[in-house]
Amino acid sequence: MKEVIEKFNNMYENEDLFCPASDEQISKLSNLFGNNVKKIIDFYRKYQPNNIPMLDSYVQLLGIDKILLENTTAEPGKYLAENGVYVFALTVGGNLLCIDTNDCKEDDASILIADCNFCSYNENYKCVEIGIVPDELMEDMLKDGIVILNYPNIKKCLKKIESSFEVFMNKLSNGEYDDIEEYLE
């Protein structure tokens with residue numbers, strides 16, 4: 001991943017885009033993400049986003065403190081986190097880029113994109129519901145008037161951008177994504 005960081009530093013002519021994380025931050029991130037994503041934890045240990053601007057692909061990489069907030073207090077991130085899907089970046093439109101810790105291979109996780117209005121708490125039903133369901137899946141997924149947020153439904157509704165955080169970061173640093181929000185279409 002060092003070459004990915006070098007590409008970002010060269011792209012923005014700045015050596016202050018990433019910084020090492022504190023032991024406390026890594027402990028909190030590990031507790032949040034779990035044990036299946038060692039490569040991602042190692043990345044943040046060495047290269048926590050620090051002063052990195054909005055990228056040309058309209059992606060804002062988050063530092064650990066913001067990752068923790070997005071996944072514990074912000075909606076819909078806190079609901080996705082309960083299902084092992086964690087926000088690590090935002091788009092210019094406030095949409096979420098997430099790692100899926102349920103879909104891991106070799107200590108790495110796949111990357112999903114979620115609309116910022118993907119799910120919300122439904123007071124009437126006292127549960128979290130998915131608000132954005134592909135039309136072709138709506139009839140099959142609808143139960144008692146709502147689509148309940150659970151991991152199987154997340155997998156059906158969210159688009160996978162990459163099967164690996166490493167691949168995603170490499171492509172991001174190479175400028176291979178024009179507008180990441182196109183994946184929402």
Side-chain angles (χ1 to χ4, degrees), residues 1-71 74 76-77 80-81 84-116 118 154-155 158-185:
M1 291 294 254
K2 187 174 183 175
E3 55 279 348
V4 166
I5 301 307
E6 288 172 3
K7 289 177 194 173
F8 280 123
N9 288 339
N10 290 336
M11 188 183 317
Y12 292 98
E13 298 176 0
N14 186 344
E15 300 276 326
D16 194 32
L17 300 176
F18 298 88
C19 66
S22 71
D23 290 341
E24 180 183 358
Q25 287 175 313
I26 291 302
S27 176
K28 288 178 180 179
L29 190 65
S30 295
N31 288 337
L32 181 70
F33 287 174
N35 298 323
N36 293 337
V37 292
K38 185 179 181 323
K39 287 182 180 178
I40 297 170
I41 300 295
D42 287 345
F43 173 84
Y44 280 93
R45 181 185 320 278
K46 297 175 193 168
Y47 309 115
Q48 174 182 202
N50 184 33
N51 290 317
I52 191 161
M54 178 72 66
L55 303 174
D56 291 341
S57 56
Y58 305 109
V59 171
Q60 179 68 59
L61 296 171
L62 302 177
I64 293 172
D65 293 339
K66 289 196 178 186
I67 288 173
L68 295 169
L69 283 174
E70 283 293 327
N71 292 289
L80 292 169
V85 176
Y86 299 96
V87 178
F88 74 96
L90 299 172
T91 70
V92 70
N95 299 303
L96 317 171
L97 293 172
C98 306
I99 63 165
D100 181 355
T101 62
N102 302 293
D103 185 13
C104 295
K105 292 182 183 116
E106 299 176 10
D107 294 326
D108 199 351
S110 63
I111 305 302
L112 307 175
I113 188 166
D115 186 284
C116 59
F118 176 67
I154 289 170
K155 283 296 278 187
L158 295 186
K159 293 204 173 119
K160 184 187 287 191
I161 297 175
E162 297 296 342
S163 295
S164 160
F165 177 80
E166 280 187 326
V167 169
F168 175 79
M169 290 300 290
N170 191 42
K171 286 184 175 182
L172 195 63
S173 71
N174 285 330
E176 293 183 38
Y177 303 110
D178 290 328
D179 179 354
I180 205 77
E181 289 185 335
E182 290 176 358
Y183 284 88
L184 290 170
E185 298 169 3

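Each residue takes its place number in the sequence, starting with 1. No hydrogens, no waters, no symmetry mates; every other heavy atom, side chains included, goes into these values.
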Participant: More than 12 heavy atoms of other residues, nucleotides or ligands under 6.0 Å from NZ of Lys66: yes or no?
Facilitator: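 Count not over threshold, so no.
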Participant: Between Ile41 and Leu29, is the side chain to side chain contact (heavy atoms under 4.5 Å, CB included) condition met? List the steps.
Facilitator: CA-CA 7 Å; Ile41 300 295; Leu29 190 65; 3.8 Å; yes
Participant: Is it the case that more than 12 heavy atoms not belonging to Lys28 sit under 6.0 Å from its NZ atom?
Facilitator: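 Not buried by this count: 12 neighbours or fewer within 6.0 Å.
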Participant: Taking atom types as modelled and ignoring hydrogens, do the side chains of Asn50 and Asp16 form a donor-acceptor contact shorter than 3.5 angstrom?
Facilitator: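 Note: Asn50 and Asp16 side chains meet the donor-acceptor criterion.
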Participant: Can you find a heavy atom in the side chain of Met169 that is under 4.5 Å from one in the side chain of Leu61?
Facilitator: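 They are in side-chain contact.
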Participant: Identify the two heavy atoms, one from Asp100 and one from Val85, that lie closest to each other, and give their separation to 0.1 Å.
Facilitator: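 Distance-wise, the nearest heavy atoms are OD1-CG2, 4.0 Å.
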Participant: Between the main-chain N or O of Leu32 and the side-chain N or O of Tyr86, is there a donor-acceptor pair closer than 3.5 Å?
Facilitator: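 Flag set: sc Tyr86 to bb Leu32 pair under 3.5 Å.
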Participant: So Leu97 and Ile161, do their side chains get closer than 4.5 Å, heavy atoms only?
Facilitator: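 In contact.
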Participant: For Tyr183 and Tyr177, take the angle between the two ring planes, folded into 0 to 90°, and tell me which bin it lands in: parallel under 30, tilted 30 to 60, perpendicular over 60.
Facilitator: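 Correct class here is perpendicular.
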Participant: If a pair satisfies salt bridge (Lys or Arg N to Asp or Glu O under 4.0 Å) and one of its residues is in residues 44-56, list it, with sequence neighbours excluded.
Facilitator: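 Found Asp42-Arg45.
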Participant: Is the side chain of Ser27 donor-acceptor paired with the backbone N or O of Asp23 at a distance under 3.5 Å, no angle test?
Facilitator: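 Here the side-chain-to-backbone pair does not exist.
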Participant: Hey, could you give me each pair passing salt bridge (Lys or Arg N to Asp or Glu O under 4.0 Å) that has a residue in residues 167-181? Not counting sequence neighbours.
Facilitator: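 Those involving residues 167-181 are Glu162-Lys171.
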Participant: Are there more than 12 heavy atoms of other residues, nucleotides or ligands under 6.0 Å from atom CG of Asn31?
Facilitator: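 Yes, because the 6.0 Å sphere around CG of Asn31 holds more than 12 heavy atoms from other groups.
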Participant: To the nearest 0.5 angstrom, please state how far the CG atom of Asn9 sits from the CZ atom of Phe18.
Facilitator: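 Result: 7.0 Å between the selected atoms.
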Participant: Could you tell me whether the side chain of Leu17 reaches within less than 4.5 Å of the side chain of Tyr47, counting heavy atoms only?
Facilitator: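 SC-SC contact between Tyr47 and Leu17 ruled out.
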Participant: A side-chain contact here means heavy atoms from C-beta on lying under 4.5 Å apart; do Ile67 and Phe33 qualify?
Facilitator: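 In contact.
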Participant: First locate atom CG of Leu158, then atom CZ of Phe118, and finally report the distance between them rounded to the nearest 0.5 Å.
Facilitator: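 That separation rounds to 4.0 Å.
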Participant: Using only atom types and a distance under 3.5 Å, with no angle test, would you say the side chain of Gln25 pairs donor to acceptor with the backbone of Ser22?
Facilitator: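 Answer holds: yes.
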Participant: If you take all heavy atoms of Gly77 and Leu96, which pair is closest and at what distance?
Facilitator: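 Looks like N-CD1, 4.4 Å.
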Participant: Might you point out which heavy atoms bring Asn36 and Thr101 nearest each other, and give the distance in Å?
Facilitator: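 Answer, listing the atom of Asn36 first, then Thr101: ND2-O, 3.5 Å.
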Participant: Rounded to the nearest 0.5 Å, how far does CG of Asp103 lie from CG of Leu112?
Facilitator: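 The CG atom of Asp103 is 7.5 Å from CG of Leu112, to the nearest 0.5 Å.
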Participant: As a quick check of understanding, evaluate side chain to side chain contact (heavy atoms under 4.5 Å, CB included) for Ile111 and Lys160, giving each step before the final call.
Facilitator: CA-CA 6 Å; Ile111 305 302; Lys160 184 187 287 191; over 6 Å; no
Participant: What's the spacing between Ile99 CD1 and Phe168 CZ if we round to 0.5 Å?
Facilitator: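 Here the rounded value is 12.0 Å.
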Participant: Can a donor-acceptor pair be found between the side chains of Ser164 and Asp108 at a distance below 3.5 Å?
Facilitator: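 Judged by distance alone, the side chains do pair up.
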Participant: Is the backbone N or O of Ile64 less than 3.5 Å from a side-chain atom of Gln48, with the two atoms forming a donor-acceptor pair by type?
Facilitator: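 Yes: the side chain of Gln48 pairs with the backbone of Ile64.
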Participant: On a heavy-atom basis, which atom in Tyr44 and which in Pro49 lie closest, and how many Å separate them?
Facilitator: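 So the two residues come closest at CE2-CD, 3.5 Å.
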Participant: Please tell me if the side chains of Lys159 and Leu184 come closer than 4.5 Å, counting only heavy atoms from C-beta onward.
Facilitator: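 Not in contact.
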Participant: Ignoring hydrogens, what is the shortest heavy-atom contact between Gly94 and Cys116? Give both atom names and the distance.
Facilitator: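 Shortest heavy-atom contact: O-CB, 3.2 Å.
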Participant: For the residue pair Leu80 and Cys98, establish whether any side-chain heavy-atom pair is separated by less than 4.5 Å.
Facilitator: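 Yes; the side chains approach each other to less than 4.5 Å.
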Participant: What's the shortest heavy-atom distance between Leu90 and Glu70, and which atoms?
Facilitator: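 Looks like CD1-OE2, 3.9 Å.
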Participant: Find the distance between NZ (Lys155) and CG (Asn102) and round it off to the nearest 0.5 Å.
Facilitator: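 One gets 8.0 Å once the value is rounded to the nearest 0.5 Å.
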Participant: Got a donor-acceptor contact below 3.5 angstrom from the Asn95 side chain to the Thr91 backbone?
Facilitator: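 No.
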Participant: Applying side-chain hydrogen bond (donor to acceptor under 3.5 Å, both in side chains), run through Lys7 and Asn170 and close with a yes or a no.
Facilitator: CA-CA 9 Å; Lys7 289 177 194 173; Asn170 191 42; 3.1 Å; yes
Participant: Under the rule for ring-ring contact (aromatic ring centres under 6.0 Å, His included), what residues qualify as partners of Phe165, not counting sequence neighbours?
Facilitator: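 Checked Phe165 against ring-ring contact (aromatic ring centres under 6.0 Å, His included); matches are Phe43, Phe88.
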